[in-house]
Asker: 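Below is a structure I'd like to ask you about.
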Amino acid sequence: MTNFFNTKLEFLKGVGPMRAELLQKEMGMFTYGDLIQHYPFRYLDRTQFYKVAELDESMPYVQVRGRVRGKQILGEGRKQRLSAILVDEAGDELELVWFKGVKWMEKSLKNHTDYIVFGKPTAFNGKYNMAHPELEDLTEEKQTTAFLQPVYNTTEKLKAHRIDSKVISRMMEMLLKVALPQIQETLSQDLIDQYRLMDKRSAMANIHFPESAEKYTAAKFRLKFEELFYIQLRLFRQKLVRKSDLEGQIFRNTATLTDFYKNHLTFDLTGAQKRVIKEIYKDLTTGKQMNRLLQGDVGSGKTIVAFITMLIAADNGAQSVLMAPTEILAGQHYIGLKQFADSLGINIGKLTGSTKAKDRKILHEQLRSGEMKMIVGTHALLEDVVQFHNLGLCIVDEQHRFGVEQRSKLWRKNPRIIPHVLVMTATPIPRTLAMTLYGDLDVSVIDEMPAGRKDIITVHRFDSHRLRVFQFIRDEIKLGRQVYIVYPLIEESEQMENYKDLMDGFESVQRAFPEYKVSMVHGKMKPQDKDYEMQRFVKHETHIMVATTVIEVGVNVPNASVMVIESAERFGLSQLHQLRGRVGRGAEQSYCILMTGYKIGKDTKVRIETMVRTNNGFEIADIDLKLRGPGDLMGTQQSGVLDLLIADLSKDAPILQEARAASQRVLKEDPMLEQAQNQNIRRHIQSLSTASRNWSRIS
Ligand code: ADP
Ligand code: MG
């Protein structure tokens with residue numbers, strides 16, 4: 001299987017080096033295997049015919065059968081167009097229009113001839129027309145066998161080079177001819193029987209060129225099932241290995257924790273916090289290594305849970321680290337934790353890229369000797385010079401910003417016994433997604449906000465009402481509050497021109513509020529400058545913080561009560577929710593104001609309405625998943641993680657459940673996949689792990 005499907009696309013008949021290079025650059029398709037897994041993103045139903053009287057503008061592509069009665073070229077020069085009239089059985093008329101290739105069409109379109117036309121119907125002056133329809137000359141009698149015709153994704157550039165869906169479809173036909181005999185079954189006969197699955201070869205044939213609607217449905221189910229089955233199988237195998245193999249330190253002692261609860265904790269933990277701490281404590285006493293994901297909406301109080309976990313480690317003679325993705329976040333965590341640690345006389349440190357060499361040396365020594373119990377920091381913690389006396393716990397905040405490699409570097413800092421791991425995330429992940437992404441982690445959820453927290457009031461305002469919004473800001477500042485104003489920015493392209501919106505915004509805010517001090521932070525600033533500006537805002541030396549999404553994660557300024565988001569249409573739903581989470585952290589009523597122009601699209605409308613309606617992060621994550629698909633949800637860095645080829649987590653939860661049960665059962669009966677009936681599965685796993693595509697990205 002491997003060799004054949006690794007064949008370069010240029011060797012496929014009808015492709016050649018030029019097209020192969022384009023497909024590679026534009027679509028990331030290198031091999032036969034890549035092309036064959038480029039499934040159609042939709043199909044055209046060529047079995048269904050409509051009458052003109054049945055047409056309606058909401059219809060996507062439809063086909064109509066009729067006879068061409070008259071054609072003429074209208075207009076002059078660039079405005080020239082070809083107009084033809086198609087009359088259906090009932091005698092109703094549909095206008096066909098071409099704006100391009102007018103002369104050529106005029107010649108080839110045969111008058112008084114029966115055609116099937118295919119395109120999108122549009123209404124104009126109470127009549128329907130179809131621009132640039134596809135035509136099938138019925139007198140030519142070449143019957144199309146395909147019930148559903150595949151439509152493939154392409155790019156503008158590919159289309160410009162005449163590689164459109166039709167051309168890809170022809171390549172696919174060529175490929176299937178040679179490839180089908182090479183396709184091997186990837187599931188066991190048992191599974192195929194039990195779930196009544198279509199065999200792999202037929203599934204591949206029918207997903208591209210369905211022979212019937214039933215076969216298409218069966219093919220789709222089979223391929224989705226297989227995809228989800230293998231994701232789950234891999235996660236369960238990891239879990240199996242981990243559960244049986246990895247020993248963990250036992251942390252039973254809780255003397256200091258009890259002291260902390262009794263004498264130093266100034267608020268009552270929420271029910272959810274208590275439950276989560278119990279779950280963690282249980283893990284720490286089993287003798288197995290903990291691997292737990294702690295999920296909690298912004299402001300739900302994850303920091304104290306982190307501290308208590310670190311405290312349990314310290315109580316048992318182990319050191320712990322808390323690693324954050326940015327300087328700012330590490331700084332905030334440090335301030336938060338130090339407050340608690342100081343009350344107990346526990347030695348805690350901070351190590352980031354900007355820690356001075358002299359301080360660094362002291363930190364390194366104290367970590368090595370075990371004198372320092374807790375350390376908070378950034379990637380700087382991963383350096384080889386950072387060594388521990390006995391590292392027993394690693395907490396990673398906002399984990400999706402760290403790669404697997406980086407994280408495992410931390411785990412290896414205790415050569416004797418792997419540290420317990422707690423991963424914290426503020427991105428609420430819908431259940432289906434959590435199951436797929438983190439099937440190998442145990443999950444704890446803080447689903448309750450600390451008492452007395454007021455829901456943030458969210459409103460939508462048009463740009464034209466900016467003066468009123470500014471007045472509102474002024475009133476809030478007069479009451480002693482602080483304000484964030486956020487501008488969109490594409491983070492990957494760190495070009496200075498992208499900062500234009502932000503800079504313009506900064507200037508106009510300064511002009512509008514001459515009586516107040518304005519801070520600004522963005523990703524292009526040096527960490528020290530960013531920190532400095534941030535600290536000025538934290539210390540209330542400035543009143544307004546103009547920023548990009550760099551403030552999205554973690555920053556905690558309880559006195560800030562207004563979050564204005566400019567060009568809100570340019571943010572995703574989860575991102576808007578994350579940004580909103582920067583306010584509402586104190587006792588005061590907080591507000592989030594979403595600014596847009598008058599013209600907004602349908603999706604934007606849904607996003608904004610959702611934000612206005614609810615503060616519930618899980619509900620928002622679910623809607624976001626439906627709007628954007630799972631890849632986007634986790635941010636660009638993780639989008640590769642769930643590069644699902646065919647399954648759709650927002651729709652396929654039932655299949656996921658079945659695939660999950662199936663993979664669990666297979667492993668339960670045959671953990672090492674040694675039985676004869678599971679050899680297809682075993683072979684496929686091996687080919688997946690060497691093929692790297694899709695597979696290595698998951699984790
Ligand atoms: P996040 O989950 O976003 O990291 P934090 O841990 O920063 O949230 O907590 C947000 C704020 O809520 C902090 O000021 C924290 O001290 C406070 N807090 C946490 N738990 C409670 C609680 N049980 N009761 C009252 N305030 C709490
Ligand atoms: Mg936090």
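In each ligand, atom 1 is the first atom listed, and ligand 1 is the first ligand listed. Counting from 1, the numbers follow the sequence of the chain as shown. Note: hydrogens, waters and symmetry copies are ignored here, and every other heavy atom, side chains too, is used.
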Asker: Any non-hydrogen atom of Asp297 lying under 4.0 Å from ligand 1?
Answerer: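 Distance cut 4.0 Å: Asp297 passes for ligand 1.
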
Asker: Can you list the atoms of ligand 1 that are under 4.0 Å from a heavy atom of Arg585?
Answerer: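 Atoms satisfying the 4.0 Å criterion: 3 (O), 7 (O).
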
Asker: Closer than 4.0 Å to some heavy atom of Pro450 - which atoms of ligand 1 meet that?
Answerer: 20 (N), 21 (C), 22 (C), 24 (N), 25 (C), 26 (N), 27 (C)

Asker: Report, in ascending order of atom number, the atoms of ligand 1 lying under 4.0 Å from any heavy atom of Thr270.
Answerer: 23 (N)

Asker: Gly301 versus ligand 1: do any nitrogen or oxygen atoms come within less than 3.5 Å of each other?
Answerer: yes

Asker: Could you work out, with side chain to side chain donor-acceptor pair (under 3.5 Å) as the rule, every residue matching His460, not counting sequence neighbours?
Answerer: Thr596

Asker: Decide, yes or no, whether a salt bridge links Arg466 with Glu566 under the criterion of side-chain N to carboxylate O below 4.0 Å.
Answerer: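 Between Glu566 and Arg466 there is a salt bridge, with a charged N closer than 4.0 Å to a carboxylate O.
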
Asker: Using the test side chain to side chain donor-acceptor pair (under 3.5 Å), find all partners of Glu279 that sit at least two apart in sequence or belong to another chain.
Answerer: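 Expected list: Ser444.
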
Asker: Is Lys454 salt-bridged to Glu588, cutoff N-O under 4.0 Å?
Answerer: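 No, no charged N to carboxylate O under 4.0 Å.
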
Asker: Would you say the ring centers of Tyr487 and His522 fall short of 6.0 Å from each other?
Answerer: no

Asker: Is it true that Glu515 and Arg474 have a side-chain N and a carboxylate O under 4.0 angstrom from each other?
Answerer: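 Arg474 and Glu515: salt-bridged.
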
Asker: Please state which part of Thr303 comes within less than 4.0 Å of ligand 1, counting heavy atoms only: side chain, backbone, both or neither.
Answerer: both

Asker: Counting only heavy atoms, which portion of Asp268 has something under 4.0 Å from ligand 1: side chain, backbone, both, or neither?
Answerer: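 Contact part for Asp268 vs ligand 1: backbone (N, CA, C, O).
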
Asker: Under 3.5 Å between any N/O of Gly296 and any N/O of ligand 1: does that happen in this structure?
Answerer: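 No, there is no polar N/O contact under 3.5 Å.
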
Asker: Please check if the side chain of Glu619 supplies one atom and the backbone of Thr614 the other of a donor-acceptor pair under 3.5 Å.
Answerer: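 No: the side chain of Glu619 does not pair with the backbone of Thr614.
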
Asker: List every atom of ligand 1 that sits less than 4.0 Å from any heavy atom of Leu269, numbering the atoms from 1 in the order shown and giving each element.
Answerer: 23 (N)

